[in-house]
Amino acid sequence: MKLTLSLIKADVGSIGGHTRPSERMLDVVRKEVAAAIKKKLLIDGFVSHTGDDIAIVMSHTHGEGADPIHKFAWNAFIKAADVAKKFGLYGAGQDLLVDAPSGNLRGAGPAVAEIEFEHALKSPRAAESFMVFAADKCGPGAYNLPLCLCFADPMYCAGLMLPQMIKGFRFHIIDMDNTEGDSLIQLDAPEDAYKIAALLRDNERFAIDRIESRTYGFTAASISAHRLHNISGKYSGKDDPIAIVRNQGIFPAPEEIVLPFAKVHYVGGDARGSHVMPLMPVALNTPVAGVYCLPIISCIGFSVDRAGHFSDQYIDFFGDVAWDDARLRAQQKALEMRAQGWSGAAMLPYAELEYSGFRDTVTGLVNRFKYREEKGGKGKKK
Ligand code: 13P
Ligand code: MG
Ligand code: MG
């Protein structure tokens, strides 16, 4: 059977500032998911939050980009936004950027990551298991470094040296500066590794869209890579990317996938979406409460049975005590960076502030610059 995993998330309102959605909002979305399972639109579904973003992970047979699935998620988010409005919550409906999307939600505000695959449950996938990542207060390229290290560097993923992975992985990389449409390049690791790095070093412009096994042609990972300000034309919240990553067997194992996140690498995002701060691994359903809304990321794992149902329990990878040290280091790195306030590397480059009020402030001042009056000087205006 062809099975699709769809992960769709949106910020549609939160309590006491941009911290977390309310339980009432989550309940509404859970009820919608239960009704969709009953109606057989979905095989299974699971609702959670990471910071102020609600994520719905679904299994179904409608394929990627399917209208009924995307419409369903949109309507569930509308209902949660109505609850947020009713109770006066902050940012009600924030990520629902268009009036009524035609169907597919790509370009409408919510983030989407999907993988369709032959759910054979026999060789080479005798069992299906996958991980769901969700990041908050964070730019679109947050997965560039960790997923590149996992899928292209045996220092992080020794599994790459095994026969089922030694041919490497194909990276589909999107140029988010191209707003005419989705503009992608395919590069193959290991031979294109330096070219992949040359693009992925720029977390604000290039992002991994998809990673495929070169041996089997199967998709290993799908990442939501878009910039909200490209859609709305102004700063309307941070991109807060999500990802689905299949694991084990012909793909890296969970421990190989999570290892690079122990770096707590610096990403764009944070307060007013305009700073550079470390990405802190957190338990699922964690609110944003740290200093300067430190970017956070959750990671959970599910198995999938023959009929496409999720396991009745999930593993909360980053919720484990094993990640306490990473959390502490993230906060130390955060305070080090915050110690230099607005200076240089602590804030995103000017181009990334383009649609925010910071840009307006600077532009207003730039217009007031005048050449120095100097006798015979080079800069003298005629
Ligand atoms: P969200 O996109 O999570 O609402 O964050 C916006 C922001 O600017 C944080 O300071
Ligand atoms: Mg928000
Ligand atoms: Mg958010």
Side-chain angles (χ1 to χ4, degrees), residues 7-22 25-26 29 47-56 73 77 80-81 83-85 87-97 105 108-113 132-143 176 203-204 223-243 266-282 284-298 334 337-338 341-342 346-348 352-361:
L7 172 63
I8 306 188
K9 76 95 210 174
D11 173 355
V12 290
S14 45
I15 312 168
H18 44 216
T19 59
R20 55 156 292 168
S22 67
M25 291 166 67
L26 291 162
V29 180
V47 178
S48 63
H49 78 90
T50 301
D52 59 8
D53 300 315
I54 299 179
I56 316 175
F77 288 136
V83 175
K85 273 181 208 143
F87 290 92
L89 303 192
Y90 177 76
Q94 177 184 289
D95 285 352
L96 307 178
L97 296 177
L105 288 187
V112 179
V132 172
F133 288 89
D136 189 33
K137 307 293 176 253
C138 184
Y143 301 100
M176 292 174 288
N203 287 328
E204 316 307 324
I223 300 100
S224 70
H226 68 188
R227 284 194 304 200
L228 281 177
H229 72 212
N230 284 351
I231 300 170
S232 63
K234 60 180 180 356
Y235 182 69
S236 55
K238 211 54 191 166
D239 314 285
D240 302 342
I242 49 173
Y266 287 107
V267 295
D270 185 42
R272 306 188 186 284
S274 302
H275 294 79
V276 177
M277 287 279 260
L279 186 58
M280 180 168 75
V282 295
L284 193 68
N285 301 324
T286 295
V288 166
V291 290
Y292 235 61
C293 55
L294 185 63
I296 57 172
I297 184 160
S298 63
M337 187 59 108
R338 287 314 314 138
W342 40 259
M347 285 189 82
L348 282 174
E352 270 309 299
L353 307 179
E354 201 172 357
Y355 294 96
S356 75
F358 288 114
R359 169 78 175 238
D360 298 338
T361 304

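Whatever order the structure lists ligands and atoms in, that order sets their numbers, starting from 1.
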J.: Side chain or backbone of S14 under 4.0 Å from ligand 1, or both, or neither, by non-hydrogen atoms?
T.: neither

J.: Would you compute the distance between atom CE of M25 and atom NZ of K85 and round it to the nearest 0.5 angstrom?
T.: 10.5 Å

J.: Can you tell me how far the CG atom of N203 sits from the OH atom of Y143, to the nearest 0.5 Å?
T.: 12.5 Å

J.: Is the distance from the Mg ion (ligand 2) to the nearest N/O/S atom of D11 under 2.8 Å?
T.: yes

J.: May I ask you to identify the nearest protein heavy atom to atom 2 (O) of ligand 1, giving residue, atom name and distance to one decimal place in Å?
T.: K238 N, 2.6 Å

J.: Which atoms of ligand 1 sit under 4.0 Å from any heavy atom of Q94?
T.: 1 (P), 2 (O), 4 (O)

J.: Mind listing the closest non-hydrogen atom pair of A55 and K9 along with its distance?
T.: CA-CB, 3.7 Å

J.: Which of the atoms in ligand 1, numbered in the order shown and given with their element, are less than 4.0 Å from a heavy-atom of G237?
T.: 2 (O)

J.: For N/O/S atoms only: which one belongs to D136 and is nearest the Mg ion (ligand 3)?
T.: OD1

J.: Roughly how far, to the nearest 0.5 Å, is the CE atom of M347 from the CZ atom of R272?
T.: 9.5 Å

J.: Tell me which N, O or S atom from D52 is the closest to the Mg ion (ligand 3).
T.: OD1

J.: Have a look at K137 and tell me which of D240, D53, D52 forms a salt bridge (Lys or Arg N to Asp or Glu O under 4.0 Å) with it.
T.: D52

J.: Counting C-beta onward and ignoring hydrogens, is there a side-chain heavy-atom pair between D136 and H49 closer than 4.5 Å?
T.: no

J.: So which heavy atom in the protein is nearest atom 8 (O) of ligand 1, and how far is it from that ligand atom?
T.: Y235 OH, 2.6 Å

J.: D240: which N/O/S atom is nearest the Mg ion (ligand 3)?
T.: OD2

J.: Do any nitrogen or oxygen atoms of D53 come within less than 3.5 Å of a nitrogen or oxygen of ligand 1?
T.: no

J.: In terms of atom number and element, which parts of ligand 1 are under 4.0 angstrom from non-hydrogen atoms of K137?
T.: 1 (P), 3 (O), 4 (O), 5 (O), 9 (C)

J.: State, yes or no, whether a side-chain contact exists between I223 and F133 at a heavy-atom distance under 4.5 Å.
T.: no

J.: Could you tell me if any non-hydrogen atom of A271 lies under 4.0 Å from any atom of ligand 1?
T.: yes

J.: Has G51 got any heavy atom lying under 4.0 angstrom from an atom of ligand 1?
T.: no

J.: Is any side-chain heavy atom of V47 less than 4.5 Å from a side-chain heavy atom of I54?
T.: yes

J.: Measuring from atom CZ of R20 to atom CG of L89, what distance do you get when rounded to the nearest 0.5 angstrom?
T.: 10.5 Å

J.: Just to be sure I read this right, does ligand 1 sit under 4.0 Å from the backbone of D136, its side chain, both, or neither, counting only heavy atoms?
T.: side chain

J.: Any idea which protein heavy atom is nearest atom 10 (O) of ligand 1, and the distance to it?
T.: R272 N, 2.7 Å

J.: What's the spacing between S48 OG and N285 CG if we round to 0.5 Å?
T.: 5.5 Å

